[in-house]
Amino acid sequence: MQSDDQRNVERLTEQLRSEGIDVLRIGYADLIGTERGRDLVVETLAHHLGEGGIAFCRGVFHTSPRGDVVPVAGGLDAGLPDVLAKPDLSTVRKIPWEDGVAHVLADIVEPDGRPCAESPRSVLRSVVGRCEAENLVPVVGPEMEFYLLEGSSSSGWRRYGEAPGNVYVAGRKGDPENLLLEFLRQLARYGIRATAGNHEFFSGQFEINIGHSHALDAADRAFRFRTAVKELARRAGKHATFMAKPFNEEGGSGFHLHFSIVDPSDRSLFADEAAPTGLSSLAEHAVAGILAHAPALAAFNNPTINSYKRFGPDTLASWLIDWGLDNRSTMVRIPPERGDATRIEVRLGDATANPYLAIASVVAGAYLGIEEKLTPPPPTEGYGYDASRSRLLPRNLEAALDALEADTELTEILGKPLISAFVTYKRNELERFAHYVTDWEVGEYLYHL
Ligand code: MG
């Protein structure tokens, strides 16, 4: 007797064969949202996937950007056991720029089939499930910025298309090789609903918008977007970086989340025509929850040491915990559209955030605000960078991790195993940095002192 998994894999093999696909790339997000994966020859799929998934060492979740295994519980200490990557067959997409290759997202499960507790996709699914059980359906439109670079780490990175004043322009002026046009077309064909692209505020910086949808699908598309942009850049001999603040002289790259909640029949629960702001009280509770939990949310939305250099006065990346009606200097901006388009724009995150965890944490913050019927402070009007007007965000990663660990309500929703894996991983990063001599210290001290 064939199992359901075996039958599904057989059907998939048939389908891919008929579309001329001979390799299936299986990918998933590790703890920091980088993609891990493997290319599988389609004719051998039954062998690889027939029993529910393909084995990966659990320690892969916990490797640093430099490739070292960080000692998170369940990895090195447990003898580096396996977890299984189980393809989610609803996510198969042909990769338009790689002939004969399709991509599929995987859920990571324990060998006994239970979801793996530190799998970001599973965590988001469980947060969304909790909301949906109360007929609250989270909808997200992700917006990510990035820099395109030339050169290499040994010769030094240069910003591609460096020129002054190319603030929100399209065309070869800020993009001499027309790369954005090519990226936009490829991404649209990839099925991740890329809708628009332009040169961003700073030299060499770009933004591509992707449409909104239910939270898990939106996170899947944001996750695929980042890998895809990096791949497309490599094809063009460039490097795309989503680092929060890669240059001292230019601004950072944000990962803004347009967020709303609808009911199961897709009716907005954020709009209320009768209210003076056009926002329902549920929307205000959601805003209040996000503000109340912001110090902890920063750990997932601003997850690197570098992330905190993006914030500051006059940066378009608020350093205060506040909100405002169509006010871009606030952390939570309420865009002016109302009716079905009523939404909040959480501008907290930077582009290094793991899309699954960033979205899971924002949804969880909103959910808590709704559950507890929290009321937000009055919205900020005018200039929003005045530190006397609102609480400050954590000033560094260490403070954000402390806030996350102290936030018992958020921990309850996101799960203790995820929080402790994440905090352990990130404290290892802090520890390594604390002992590293940086260029700044050499410039500041070496000659003069
Ligand atoms: Mg932008």
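In listed order, ligands and their atoms are each counted from 1. Hydrogens, waters and symmetry mates play no part in the numbers below; they use all other heavy atoms, side chains included. Just so it is clear, the structure is predicted and the values come from calculations on it, not from any experiment.
- Taking the six-membered ring where the residue is Trp, Tyr356 and Phe223 present tilted rings, their angle falling between 30° and 60°.
- In terms of distance to the Mg ion (ligand 1), the nearest N, O or S atom of Glu207 is named OE1.
- For the pair Arg343 and Phe270, the cation-pi test (distance below 6.0 Å, angle within 45°) is failed.
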request  = Given side-chain hydrogen bond (donor to acceptor under 3.5 Å, both in side chains), test Lys245 with Asn306 step by step and report yes or no.
outcome  = CA-CA 6 Å; Lys245 168 95 173 141; Asn306 174 262; over 6 Å; no

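- Glu200 has its closest N, O or S atom to the Mg ion (ligand 1) at the position named OE2.
- When you scan the N, O or S atoms of Glu145 for the one nearest the Mg ion (ligand 1), you land on OE2.
- Of all heavy-atom pairs between Leu149 and Phe247, the closest is CD2-CZ, 3.6 Å.
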